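Given the structure is predicted, the values throughout are model-derived calculations rather than measurements.
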Amino acid sequence: MNKDGDKLPAELVVENFEYSQKNEQRVKKSFWSKTRKAAGKIPFTKDAVAMYYCAIDAKTPLWAKGIAFGALAYFISPIDAIPDALIGLGFTDDAAVIAAGIRAIAGQVKEEHKQKAEDFFEQP
């Protein structure tokens with residue numbers, strides 16, 4: 001693993017996500033409404049959906065669930081480092097956290113999670 005000086009700020013944030021039932025509940029409650037609003041507007045929604053399916057999978061280790069739910073909780077949070085309402089910049093912090101989360105749990109996001117994400121976007 002790289003030294004902290006070689007990591008992006010989002011990677012350092014994601015590494016500190018431990019499993020939290022509060023994050024899990026927040027994500028399960030609000031993830032789909034935020035995702036439906038963001039779908040088509042931001043390029044990382046498919047990754048976020050795959051991460052969601054990974055997080056709710058009973059076979060996913062608790063450490064990976066912590067990272068996934070933490071990153072997704074940041075994504076759905078109305079309070080961001082960069083407000084989502086800022087056109088062109090609003091989702092850059094969300095994208096960075098989702099990308100860092102996906103990178104951190106890459107071995108846990110299985111083909112079945114990616115397929116479920118694909119299926120979600122193919123729905124009418």
Side-chain angles (χ1 to χ4, degrees):
M1 191 133 233
N2 297 334
K3 296 180 293 186
D4 283 354
D6 296 338
K7 293 182 182 177
L8 300 171
E11 290 177 295
L12 295 172
V13 169
V14 167
E15 285 182 353
N16 291 322
F17 288 147
E18 292 182 18
Y19 175 77
S20 160
Q21 192 170 25
K22 184 177 177 183
N23 281 343
E24 181 176 352
Q25 291 169 348
R26 182 180 298 136
V27 169
K28 285 182 175 180
K29 178 181 176 189
S30 303
F31 178 75
W32 291 115
S33 63
K34 171 82 178 219
T35 301
R36 284 186 182 91
K37 290 177 191 173
K41 297 177 185 173
I42 50 178
F44 64 87
T45 48
K46 200 172 286 186
D47 290 331
V49 172
M51 183 185 284
Y52 175 84
Y53 284 119
C54 177
I56 64 169
D57 188 336
K59 296 176 281 190
T60 300
L62 202 55
W63 66 266
K65 287 178 181 273
I67 291 171
F69 282 127
L72 293 170
Y74 185 89
F75 168 60
I76 64 171
S77 174
I79 301 168
D80 289 32
I82 302 172
D84 294 343
L86 292 175
I87 297 172
L89 294 176
F91 288 106
T92 55
D93 60 325
D94 297 314
V97 170
I98 294 295
I102 287 287
R103 184 173 166 187
I105 65 167
Q108 302 302 318
V109 179
K110 307 294 185 201
E111 193 56 42
E112 67 187 84
H113 306 135
K114 294 175 187 176
Q115 186 57 55
K116 286 180 180 181
E118 288 286 335
D119 294 346
F120 169 78
F121 284 96
E122 290 176 6
Q123 293 175 2

(request) Determine the minimum heavy-atom distance between Ala117 and Ala50, stating which atoms define it. (result) CB-N, 3.7 Å

(request) Taking all non-hydrogen atoms of both residues into account, name the closest pair between Phe120 and Thr35 and its distance. (result) CE2-CG2, 4.1 Å

(request) Could you tell me whether the side chain of Lys114 reaches within less than 4.5 Å of the side chain of Val109, counting heavy atoms only? (result) yes

(message) I need the Tyr53 OH to Glu112 CD distance, nearest 0.5 Å.
(response) 11.5 Å

(request) Return the minimal non-hydrogen interatomic distance between Ile98 and Ala71, and the atom names on each side. (result) CD1-O, 3.9 Å

(message) Going by side-chain hydrogen bond (donor to acceptor under 3.5 Å, both in side chains), name the pairs with one or both residues in residues 56-67, residues two or more places apart or in two chains.
(response) Asp57-His113

Would you be so kind as to tabulate the donor-acceptor pairs closer than 3.5 Å made by side chains of residues 25-32, with sequence neighbours excluded?
unit_1 : atom_1 : unit_2 : atom_2 : d
Arg26  : NH1    : Asn23  : OD1    : 3.2
Lys28  : NZ     : Glu24  : OE2    : 2.8

(message) With rounding to the nearest 0.5 angstrom, report the SG to CG distance, Cys54 to Leu72.
(response) 9.5 Å

(request) Measure from the ring center of Phe44 to the ring center of Phe75 and say whether it is less than 6.0 Å. (result) yes

(request) Specify the closest pair of heavy atoms between Ile105 and Met51, including all atoms of both residues, with the distance to one decimal. (result) CD1-CG, 4.1 Å

